[in-house]
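Single-structure report; data block below.
Throughout, protein chains are lettered first and strands after them, A, B, ... in sequence-line order, and every chain is numbered starting at 1.
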There are 2 protein chains.
Amino acid sequence: MSETPGEAESGRRVQAVQISCDIIQALREKDGAGVSELAEHLDRSKATIHSHLTTLADNEFVVKRDDSYEISLRFVDIGEYAKSQVDIYEVTKKELERLAEETGEVAQFMVEEHGRGVYLHKASGKNAIQTASYVGNRKYLHCTALGKAILSQLPEERVEQIIDRHGLPQRTENTVSTREELFDALETVRREGVAYDDEEVLQGLRCVAAPIKHANGDLHGAISISGPTSRFKGDRFHEELPEVVQGAANIIEVNATQL
Amino acid sequence: MSETPGEAESGRRVQAVQISCDIIQALREKDGAGVSELAEHLDRSKATIHSHLTTLADNEFVVKRDDSYEISLRFVDIGEYAKSQVDIYEVTKKELERLAEETGEVAQFMVEEHGRGVYLHKASGKNAIQTASYVGNRKYLHCTALGKAILSQLPEERVEQIIDRHGLPQRTENTVSTREELFDALETVRREGVAYDDEEVLQGLRCVAAPIKHANGDLHGAISISGPTSRFKGDRFHEELPEVVQGAANIIEVNATQL
DNA sequence: TTAATTGTTCGCGAGAAGCAAACGGTCTCA
DNA sequence: TGAGACCGTTTGCTTCTCGCGAACAATTAA
């Protein structure tokens with residue numbers, strides 16, 4: 001079984017570490033901040049915040065610029081490392097580029113972590129539209145084609161755990177909002193091999209996703225192609241694109257077994 | 001003045017936070033590890049390591065997979081954010097892609113932080129060679145063309161501070177190894193507008209870099225083109241490429257003033 | 001000059017955090 | 001089928017850390 005079964009509520013925590021995590025979170029939300037501002041925001045003394053920031057700066061997790069502290073580029077380094085640890089990352093990236101060029105649309109790659117979906121790559125073809133998603137972005141799994149493709153590969157109990165943890169927040173009126181609806185949808189995905197998003201996230205945006213079946217390392221991922229409803233309709237939407245996406249997923253799977 | 005003047009030796013630290021930072025560092029070096037392994041490596045009790053890992057997992061900085069803890073993809077998210085905070089990032093990225101296509105070589109973008117250079121983007125043209133550098137990678141500034149281009153824009157006292165902090169470790173026999181040599185080199189860069197790397201880092205690899213003059217936010221960066229000595233020689237190396245790189249840097253500067 | 005901001009330093013007391021040891025798994029090998 | 005040797009996890013206890021408040025510089029504004 002992958003990751004922590006449910007959220008581990010038990011066990012001791014280290015308060016000081018929690019404070020530093022909160023500081024990083026706050027620095028991100030505020031695009032950098034000073035000691036006093038953080039102290040007020042987190043309801044802690046200035047002295048506390050100060051010693052934490054100094055420690056974090058020592059370790060190059062934050063940078064001090066004049067009198068403002070900001071998130072350091074060290075995160076870029078570690079983030080890039082984290083991506084590289086995903087064994088199918090390189091193969092998938094190449095395949096996505098090909099897919100984007102072939103279709104002219106946007107191709108994306110998502111993996112599951114902590115019960116949510118993380119975008120790991122985005123390739124844009126000639127006619128690619130702008131999408132709100134960016135690499136690193138975390139989305140709930142039940143409300144995107146990529147997410148549903150991933151969920152379709154997980155054992156039912158894991159899906160239950162994820163719902164318990166994150167719920168089924170409703171993005172738009174088309175989002176699945178009950179467990180039954182979701183499990184039905186996942187069954188359909190398993191049967192057809194692809195997941196669809198028909199304007200469920202954004203008006204006018206359609207999306208076709210296929211899971212990457214690769215239980216190795218308990219890592220579950222999916223790839224997709226997105227585009228405007230005007231181009232995503234008829235045979236192209238229901239036959240051509242699903243076939244292309246599934247084909248790409250297949251190639252990745254084959255390459256992955258050789259790792 | 002940007003960042004901390006010299007390393008801030010003074011002030012209090014938070015030991016617990018330091019331990020967590022060490023854990024993350026260790027997880028990265030070891031590509032994930034268990035509690036016992038970390039406890040031994042960091043010379044701490046298992047209980048301590050465990051409570052730290054639990055806290056870090058709560059905050060999604062690490063993931064527990066079976067009995068191994070690993071660096072989480074949350075770093076991808078924060079890293080991507082950190083990049084986006086660099087105001088010239090988007091403009092430079094576009095310009096790099098153009099540069100790579102036009103020359104067929106490798107084009108790169110580096111900024112300074114904590115006295116070292118961080119690669120933020122890499123674009124590859126048709127004939128691009130493989131280079132060891134990757135996005136997020138941190139290099140000493142004195143031993144690459146990009147680094148020297150950056151240093152040439154910093155006030156002398158800042159350069160002194162950086163040398164005090166990091167020294168001038170010698171990569172190859174061609175690396176500058178004394179302060180005088182370095183300051184002479186920087187003077188040349190300022191005069192010519194470009195910095196060269198003539199097989200100083202790697203046998204057979206040459207590189208031309210130009211600083212991006214843009215004091216805004218105290219952010220200093222540079223862009224470069226790298227390629228094999230076989231193609232980087234004669235007029236192309238000493239005139240054509242320097243001109244192209246400087247031109248690109250100029251375009252970025254102009255676009256940057258409009259931010 | 002004064003007043004109101006900063007960030008920084010410091011002494012102190014409370015409680016957090018680190019340790020050791022015990023506990024409950026799982027796996028291997030006899 | 002056990003014994004033993006790992007593993008991660010839990011728990012009490014003691015100590016020393018760390019968070020607080022207040023004082024201290026250093027800017028900035030009025």
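- In this structure, the CZ atom of B:Arg13 is 15 Å from the P atom of D:dG19, given to the nearest Å.
- Backbone-only engagement by A:Ala16 is indicated by non-hydrogen atom pairs under 4.0 Å involving sugar-phosphate atoms exclusively.
- Distance, A:Leu42 CG to D:dC18 P: 18 Å, rounded to whole Å.
- For D:dC18, neither phosphate oxygen OP1 nor OP2 lies less than 4.0 angstrom from any side-chain nitrogen or oxygen of A:His52.
- Contact annotation: B:Ser36 reaches the phosphate of D:dG8 (side-chain N/O to OP1 or OP2, under 4.0 Å).
- Atoms CG (A:Asp66) and P (D:dT27) sit 12 Å apart, rounded to a whole Å.
- Counted within 6.0 Å of CD on A:Glu180, heavy atoms from surrounding residues, nucleotides or ligands total 12 or fewer; the atom is thus considered open.
- Residue-environment remark: CD (B:Glu40) stays at or below the threshold of 12 foreign heavy atoms within 6.0 Å.
- Distance from the side chain of A:Gln15 is smallest to C:dA16 among D:dG8, D:dT11, C:dA16.
- Rounded to whole Å, atom P of C:dG18 lies 14 Å from atom CG of B:Leu38.
- The side chain of A:Val14 sits closest to C:dG18 out of D:dG8, C:dG18, C:dG7.
- Each of B:Thr48 and A:Val35 was assigned the nucleotide of DNA chain C with the nearest heavy atom; the assignment lying further toward the 5' end belongs to A:Val35.
- Atom CD1 of B:Ile49 is separated from atom C1' of C:dA20 by 15 Å (rounded to the nearest Å).
- Between A:His50 and B:Asp43, it is A:His50 whose nearest contact on DNA chain C lies nearer the 5' terminus.
- Among the heavy atoms of the strands lying under 4.0 Å from B:Arg44 are primed sugar atoms or P, OP1, OP2 only; no base atom is included.
- Residue B:Tyr69 places at least one side-chain N or O under 4.0 Å from the OP1 or OP2 atom of D:dT9.
- The side chain of B:Ser10 sits closest to C:dT9 out of C:dC19, C:dA17, C:dT9.
- Here B:Leu146 contributes atom CG and B:Leu141 contributes atom CG; the two are 9.5 Å apart, rounded to the nearest 0.5 Å.
- If you find the closest nucleotide of DNA chain D to B:Ser68 and to A:Arg12, the one lying nearer the 5' end belongs to B:Ser68.
- Contact annotation: A:Lys64 side-chain N/O to C:dT8 OP1/OP2 distance is under 4.0 Å.
- Using a 4.0 Å heavy-atom criterion, one finds that A:Ser45 contacts the bases of the nucleic acid, with or without backbone contacts as well.
- Each of B:Gly34 and A:Ile19 lies near DNA chain D, and the nucleotide nearest B:Gly34 is the one positioned closer to the 5' end.
- Atom OG1 of residue A:Thr48 and atom NE2 of residue A:His50 lie 11.0 Å apart, to the nearest 0.5 angstrom.
- In summary, A:Glu60 and B:Arg138 engage in a salt bridge, as defined by a charged side-chain N under 4.0 Å from a carboxylate O.
- Across the protein-nucleic acid pair, A:Arg65 atom CZ and C:dG7 atom P stand 16 Å apart, rounded to whole Å.
- Protein atom CD of A:Gln18 is 14 Å distant from nucleotide atom P of C:dA16, rounded to whole Å.
- In A:Lys94, the NZ atom is not crowded: 12 or fewer heavy atoms of neighbouring residues, nucleotides or ligands sit closer than 6.0 Å.
- Across the protein-nucleic acid pair, A:Ile23 atom CD1 and D:dG19 atom P stand 9 Å apart, rounded to whole Å.
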